[in-house]
Amino acid sequence: MEERYYKRIIEELLKLIDAGVHIVDNRGVGLFYNGAMTKIEEIAADEVVGKDFSEAFPEINLKDSTIYQAWRKGVSTLNKTQTYKNRYGKEVTTVNSTVPVTEDGMPIAAIEVAKDITNIKTMTDTILTLREKELEPHKVEPKIKKYTFEDLTGHSTQFEAAVTRGKTAAKTDASVFIYGETGTGKELMAQSIHYDSSRKNKPFLAQNCAALPETLLEGILFGTTKGGFTGAIDRPGLFEQANGGTLLLDEINSMPYELQSKLLRVLQEDYIRRVGGSKDIPIDVRIIATVNERPEKLIEEGKLRKDLYYRLNVVGIHIPPLREREGDIPILADVLLKKHATRFNKPLTKISEDAVKLLSDYDYPGNVRELENIIMQAVAMADDETELSSDLILMPSYGGNGEKKGVFWDGHTSLYEFLSGIEKELIEDVMREQKNNVSKAAEVLSLKRQTLQHKLKKYEISH
């Protein structure tokens, strides 16, 4: 096969790859530069292909360039975070893997594969900056609500046992490991422990370990040192910001295995070292870790280090799922009704017996969070009623394949989006019941036919 055919094959292959790909020869002249890379760096391919690297990227210092290290020195670099400027001065942050291509031990080309994390980098910098501001001495009250043991509602034996262990843990500085299904209230328990402890006047910071890639999570936790990697600046991480207080590591099993070993070393030595730094910084931080699956299962699957688990599980707390909390649903429903009636300025003061029975007959795979979403939805849809009846409650339904259907508030969606989701599901249910007869569905929904037609189009509901 002729060389030009191989080139065409490679060009077509690179079009199919989502990640950015940049290939240079052993002189640093661009050979290939795919469409994904042009979007990341906002540079046209003809400004790179056939051009010397230093001409295409005049803002990049060659000694800091991973692709230069690959084509000139044969050095491989895997999953390295880089922040740099394109030829037009736009700052870009990527995670790069760069490898040399060799023949008889000599580099003949270099391949760089890049993933754009500019937005994530901006977001994490913003988070750290805001947290630094929250911790400034002149700030009196944080904007985030503080939860205490008074906010943990329930009288079931298992739940009260978990609360008792939490209150006992608050009297010590021991690490705490909380296991509970999604929506059981793990962060509420963690905050309650902190605000009932001697550290209550110190920071409480939380980080979801599943929310960020490894390269950024390490910098978020331990901080960065200027020059530690391309674009790095001197910035304290969460351990330093939470010094004297508590750091909640949510979904710790999502933390990469190698980073778990670094965390274990921090817990053993009580000091951290910023990414790219050489100075040991002593810290005094209490760790509370959470998982939503059985820890034994996570260890067996290689998602959680056994030694880290034992180090964190000084005080272990299991928060039971709502389906195992006998008698707690009516109590929780009453508390949640009052909370959201006040929020939405509704005159509701109690829940009818039929509504309590309806709520109690469901198993709540989403736990307390799901119950709150159902109550919030019902309260939002009420008018001038003083009693919440079963007619106002829209319970989740199931499709033919057994998958749960329903709209649940994730805590971040706006009220408008949430209620729109409820309206869409309700229209879909009624249309199905009326066998897609728009006139009959409009009558059931007390809407004009034209209005329903508009909503069907708005929510892209086929009929």
Side-chain angles (χ1 to χ4, degrees), residues 1-122 124-125 213-216 219 224 226-233 275-276:
M1 188 181 292
E2 295 181 24
E3 181 180 345
R4 62 192 178 95
Y5 293 147
Y6 283 110
K7 183 178 179 182
R8 285 288 298 121
I9 291 170
I10 293 173
E11 288 174 342
E12 291 303 314
L13 174 63
L14 295 183
K15 291 179 183 178
L16 301 175
I17 299 175
D18 290 334
V21 180
H22 184 188
I23 303 175
V24 300
D25 64 17
N26 61 350
R27 299 167 299 153
V29 175
L31 296 176
F32 298 95
Y33 190 79
N34 74 344
M37 193 64 110
T38 66
K39 291 179 182 178
I40 292 172
E41 298 183 326
E42 297 185 8
I43 302 175
D46 59 10
E47 295 180 278
V48 178
V49 176
K51 302 291 193 301
D52 184 81
F53 182 82
S54 58
E55 178 187 350
F57 298 92
E59 298 287 336
I60 298 179
N61 190 325
L62 287 182
K63 69 181 180 64
D64 294 329
S65 168
T66 51
I67 201 166
Y68 173 80
Q69 297 295 322
W71 99 64
R72 191 64 182 268
K73 301 181 180 180
V75 177
S76 294
T77 308
L78 298 178
N79 295 321
K80 182 172 182 179
T81 301
Q82 295 192 105
T83 298
Y84 55 95
K85 292 182 179 179
N86 67 10
R87 66 187 302 163
Y88 303 111
K90 182 182 185 297
E91 191 171 90
V92 179
T93 301
T94 56
V95 174
N96 295 349
S97 289
T98 315
V99 295
V101 181
T102 61
E103 177 72 24
D104 296 327
M106 297 296 294
I108 60 172
I111 302 173
E112 182 157 88
V113 178
K115 179 181 180 183
D116 185 15
I117 58 168
T118 305
N119 292 337
I120 298 176
K121 170 71 163 46
T122 302
T124 54
D125 284 346
E214 176 181 0
T215 48
L216 289 183
T224 57
K226 186 175 182 179
F229 57 85
T230 308
I233 61 174
V275 177

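Just so it is clear, the values below take in all heavy atoms, side chains as well, and ignore hydrogens, waters and symmetry mates. Keep in mind that this is a model prediction, so the values were computed, not measured.
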Student: Just how far is it from atom CD1 of I40 to atom OG1 of T93, taken to the nearest 0.5 Å?
Tutor: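 These two atoms lie 11.5 Å from each other.
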Student: Measure the shortest side-chain to side-chain distance between K51 and Y33 over non-hydrogen atoms and say whether it is less than 4.5 angstrom.
Tutor: no
Student: What distance separates K80 NZ from Q69 CD, expressed to the nearest 0.5 Å?
Tutor: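 Rounded to the nearest 0.5 Å, the NZ-CD separation comes to 8.0 Å.
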Student: With rounding to the nearest 0.5 Å, note down the distance linking CG in D25 to CZ in F32.
Tutor: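 With rounding to 0.5 Å, CG (D25) is 11.0 Å from CZ (F32).
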Student: State, yes or no, whether a side-chain contact exists between T66 and E112 at a heavy-atom distance under 4.5 Å.
Tutor: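 Of all side-chain heavy-atom pairs linking E112 with T66, at least one is under 4.5 Å.
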Student: To check you understand the geometry: which heavy-atom pair defines the closest contact between M37 and A114, and what is its length?
Tutor: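 Closest pair (atom of M37, atom of A114, distance): CE-CB, 3.8 Å.
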Student: Measuring from atom CZ of R72 to atom CZ of F53, what distance do you get when rounded to the nearest 0.5 angstrom?
Tutor: 13.0 Å
Student: How far apart are the closest heavy atoms of S97 and N79, and which atoms are they?
Tutor: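 Scanning both residues, the minimum pair turns out to be OG-N, 3.1 Å.
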Student: Check G74 against P100 and note the closest heavy-atom contact, atom names and distance.
Tutor: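 Scanning both residues, the minimum pair turns out to be O-CG, 3.4 Å.
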Student: Identify the heavy atoms of A19 and V113 that sit nearest to each other, and give their distance.
Tutor: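 Distance-wise, the nearest heavy atoms are CB-CG1, 3.7 Å.
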Student: Are Y84 and T94 side-chain neighbours, meaning at least one heavy-atom pair lies under 4.5 Å?
Tutor: yes
Student: Indicate the atoms forming the closest heavy-atom contact of V21 with N34, along with that distance.
Tutor: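 So the minimum-distance heavy-atom pair works out to N-OD1, 2.9 Å.
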Student: Whether the side chain of T38 engages the backbone of A44 through a donor-acceptor N/O pair (distance < 3.5 Å, no angle test) should be reported.
Tutor: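 Checking the backbone N and O of A44 against the side chain of T38, no donor-acceptor pair under 3.5 Å is found.
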Student: Do V101 and I111 have side-chain heavy atoms sitting under 4.5 Å apart?
Tutor: yes
Student: Taking all atoms of both residues into account, what is the closest heavy-atom pair of N26 and P107, and its distance?
Tutor: CB-O, 3.4 Å
Student: Roughly how far, to the nearest 0.5 Å, is the CG atom of L14 from the CD1 atom of I23?
Tutor: 5.5 Å
